[in-house]
**Q** 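Got a structure here, written out as structure tokens. Questions coming.
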Amino acid sequence: MSTQYETRYASSPQAVKKYDTQELRDEFLIPDLMQGDNIKWVYTHYDRYMAGGAMPIADALSLETIDPLKSEFFLERREIGIINVGGAGTIIADGEEFAMAHKDALYLGKGVKEVVFKSDDSNKPAKFYMNSAPAHTSYPTKHVSKVDANKIELGSLETANHRTVSQMIIGGIVTTCQLQMGMTELKTGSVWNTMPAHVHDRRMEIYYYLDIMDEQAVCHFMGQPQETRHIWMQNHE
């Protein structure tokens, strides 16, 4: 089993204006989070937020700390949210097992020491998408299925943005220090999420795209509203 990580530094709006296409992709796109029998992390200097993927196939995978955390174990001073974007799997957290169906979520708070990821079927492996943020205190572990999520219907077919937002790791459902996670699913015939682009000046966001057909792609707009840039993204990027 191998845990890999890379560090990414923050980029100012002034710097991003000068990036060419490849530089933009190198700074902001994560193309390879899901690697068979590996855990991959990107440690960012945006609020020390982390994005990761764990894809157990032949072996179970253990959540290990990495050098930038300066900790004895991964969740010593952090919290984590996990959504299974693959086949059925299991997460074991300090001896407690959680069955993870496709699109189930799990929150683990500060202080959980041992976390193990497993796939139920190696031919249809689980793919655990993970976000982690620093935590100042401990909150209880909680499993959240799509049925448990707070669902919001937005947009319309007439404007090609009819979508369902499933808020999964959010206040009222799960108590966290600062982490929030959810899913947006477009209805058939709808092709965009939010337009015009909106700005969160003090909020770190990561978008992970799934259920995209091989012959299709997503055009992700970013940058300042009056001077946008774009990145083409494939499935599981």
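Side chains are part of it too, since the values below use all heavy atoms of this structure and drop only hydrogens, waters and symmetry mates.
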**Q** Could you tell me which non-hydrogen atom of M168 sits nearest to which non-hydrogen atom of A149, and how far apart they are?
**A**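 The answer is CG-CB, 3.9 Å.
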
**Q** Checking R77 side chain against K70 main chain: does a donor-acceptor pair fall under 3.5 Å?
**A**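 Present.
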
**Q** Would you please classify the geometry between the Y209 ring and the Y207 ring as parallel, tilted or perpendicular, with 30° and 60° separating the classes?
**A**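 Rings of Y207 and Y209: parallel, as their planes differ by under 30°.
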
**Q** Quick check: closest heavy atoms across C219 and H230, and the distance to 0.1 Å?
**A**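 Distance-wise, the nearest heavy atoms are SG-CB, 3.8 Å.
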
**Q** Is there a continuous path of hydrophobic side-chain contacts, each under 4.5 Å between heavy atoms, that joins W192 to L157?
**A**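 Result: no, two separate clusters.
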
**Q** State, with a plain yes or no, whether a side-chain heavy atom of L61 is found less than 4.5 Å away from one of F128.
**A**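 When only atoms from C-beta onward are counted, F128 and L61 do not touch, as no gap falls below 4.5 Å.
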
**Q** Who are the side-chain contact (heavy atoms from CB on, under 4.5 Å) partners of E227, not counting sequence neighbours?
**A**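 Partners of E227 by the side-chain contact (heavy atoms from CB on, under 4.5 Å) criterion, ordered by chain and then number, come out as K17, R229.
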
**Q** Would you give the length of the straight line joining atom CG of N84 to atom OG1 of T90, rounded to the nearest 0.5 angstrom?
**A**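 If I round to the nearest 0.5 Å, the distance is 9.5 Å.
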
**Q** Just by modelled atom types, is the D20 backbone N or O under 3.5 Å from a matching donor or acceptor in the E23 side chain?
**A**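 Confirmed, E23 side chain pairs with D20 backbone.
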
**Q** Other residues, nucleotides and ligands only: do more than 12 of their heavy atoms fall within 6.0 Å of CZ on R48?
**A**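 It does not: R48 CZ has 12 such atoms or fewer within range.
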
**Q** What is the distance from atom OG1 of T21 to atom CH2 of W232, rounded to the nearest 0.5 Å?
**A**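 Reported to 0.5 Å precision, the distance equals 12.5 Å.
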
**Q** Are side-chain N/O atoms of T159 and S156 paired as donor and acceptor at under 3.5 Å?
**A**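 A pair is found: one side chain offers a donor N or O, the other an acceptor, under 3.5 Å apart.
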
**Q** So do L154 and N161 actually touch side chain to side chain, heavy atoms under 4.5 Å?
**A**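 Contact flag for N161/L154 side chains = no.
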
**Q** Show your reasoning for whether side-chain contact (heavy atoms from CB on, under 4.5 Å) applies to Y43 and L69.
**A** CA-CA 9 Å; Y43 179 95; L69 302 186; 3.8 Å; yes

**Q** For the hydrophobic clusters of this structure (ILVMFWY residues joined by side-chain heavy atoms under 4.5 Å, transitively), does one cluster hold both L106 and V116?
**A**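 Different hydrophobic clusters.
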
**Q** Is any side-chain heavy atom of F73 less than 4.5 Å from a side-chain heavy atom of L63?
**A**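 No. Closest side-chain heavy atoms not under 4.5 Å.
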
**Q** Is there side-chain contact between D26 and Y19, with heavy atoms separated by less than 4.5 Å?
**A**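 A side-chain contact under 4.5 Å is absent here.
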
**Q** Are the side chains of Y5 and M50 in touch, meaning some heavy atoms are under 4.5 Å apart?
**A**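 Y5 does not reach M50 side chain to side chain.
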
**Q** Can you find a pair of side-chain heavy atoms, one from K103 and one from L210, that are under 4.5 Å apart?
**A**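 Result yes, sub-4.5 Å side-chain heavy-atom pair found.
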
**Q** Ignoring hydrogens and angles, tell me if any N or O in the side chain of S119 forms a donor-acceptor pair with the backbone of A126 under 3.5 Å.
**A**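 Indeed, once roles are kept as given, a pair shorter than 3.5 Å links the two residues.
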
**Q** May I ask you to test the H162-E153 pair for a side-chain heavy-atom distance under 4.5 Å?
**A**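 Yes; the side chains approach each other to less than 4.5 Å.
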
**Q** Fit a plane to each ring of H236 and Y208, take the angle between them on a 0 to 90° scale, and name the class: parallel (under 30°), tilted (30 to 60°) or perpendicular (over 60°).
**A**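 Tilted.
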
**Q** Answer yes or no: is there a donor N or O on one side and an acceptor on the other, between the side chain of E79 and the main chain of Y107, under 3.5 Å?
**A**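 It does not hold such a pair.
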
**Q** Decide yes or no for E185 and K146: does some side-chain heavy atom of the first lie under 4.5 Å from some side-chain heavy atom of the second?
**A**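 Yes, at least one pair of side-chain atoms sits under 4.5 Å.
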
**Q** State yes or no: do I92 and I39 share one hydrophobic cluster built from I, L, V, M, F, W and Y residues joined by side-chain heavy-atom distances below 4.5 Å, directly or via other members?
**A**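 No, I92 and I39 fall in different hydrophobic clusters.
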
**Q** Same cluster for L33 and I206 if Ile/Leu/Val/Met/Phe/Trp/Tyr side chains link at under 4.5 Å?
**A**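 Yes, because L33 and I206 connect within a single hydrophobic cluster, where side-chain heavy atoms sit under 4.5 Å apart.
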
**Q** Look up atom OG1 in T44 and atom CD in E27, then write down how far apart they are to the nearest 0.5 Å.
**A**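 CD of E27 is found 11.5 Å from OG1 of T44.
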
**Q** Of all heavy-atom pairs between H102 and G86, which one has the smallest distance, and what is that distance?
**A**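 Between these two residues, the closest heavy atoms are ND1-O, 2.9 Å.
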
**Q** Closest heavy-atom contact between D59 and P56?
**A**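 So the minimum-distance heavy-atom pair works out to O-CB, 3.3 Å.
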
**Q** If the threshold is 4.0 Å, N to carboxylate O, is there a salt bridge linking K113 and E72?
**A**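 Answer for the salt bridge query: no.
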
**Q** For Y46, is there any backbone N or O sitting under 3.5 Å from a side-chain donor or acceptor partner on R8?
**A**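 Between the backbone of Y46 and the side chain of R8 there is no qualifying donor-acceptor contact (under 3.5 Å).
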
**Q** Can you say whether the rings of F98 and H143 are parallel (under 30°), tilted (30 to 60°) or perpendicular (over 60°)?
**A**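 F98 and H143: parallel rings.
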
**Q** Within this structure, what is the CG-CD1 distance for the pair L179 and I170, rounded to the nearest 0.5 Å?
**A**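 Reported to 0.5 Å precision, the distance equals 11.0 Å.
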
**Q** Could you measure the distance from the CD1 atom of I169 to the CD1 atom of I83? Nearest 0.5 Å is fine.
**A**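 Here the rounded value is 6.0 Å.
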
**Q** Looking at every non-hydrogen atom in both residues, tell me the closest pair between P134 and C177 and how far apart they are.
**A**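 The pair with the smallest heavy-atom distance is O-CB, 4.5 Å.
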
**Q** Determine, stepwise, if the pair M55 / K40 fulfils side-chain contact (heavy atoms from CB on, under 4.5 Å).
**A** CA-CA 9 Å; M55 186 178 172; K40 167 69 181 289; over 6 Å; no

**Q** For the hydrophobic clusters of this structure (ILVMFWY residues joined by side-chain heavy atoms under 4.5 Å, transitively), does one cluster hold both I66 and L75?
**A**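 I66 clusters together with L75.
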
**Q** Main chain of I57, side chain of D37: is a donor-acceptor contact present, judged purely on distance under 3.5 Å?
**A**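 Flag set: sc D37 to bb I57 pair under 3.5 Å.
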
**Q** Could you tell me which non-hydrogen atom of V16 sits nearest to which non-hydrogen atom of L24, and how far apart they are?
**A**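 Taking every non-hydrogen atom into account, CG1-CD1, 3.8 Å.
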
**Q** Would F28 and I231 satisfy side-chain contact (heavy atoms from CB on, under 4.5 Å), going step by step from the backbone distance to the final call?
**A** CA-CA 9 Å; F28 295 104; I231 295 179; 4.0 Å; yes

**Q** Once rounded to the nearest 0.5 Å, what's the spacing between atom CG of N131 and atom CZ of R78?
**A**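 Here the interatomic distance stands at 10.0 Å.
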
**Q** Check step by step if side-chain contact (heavy atoms from CB on, under 4.5 Å) holds for K187 and T164.
**A** CA-CA 8 Å; K187 303 290 187 179; T164 301; 3.2 Å; yes

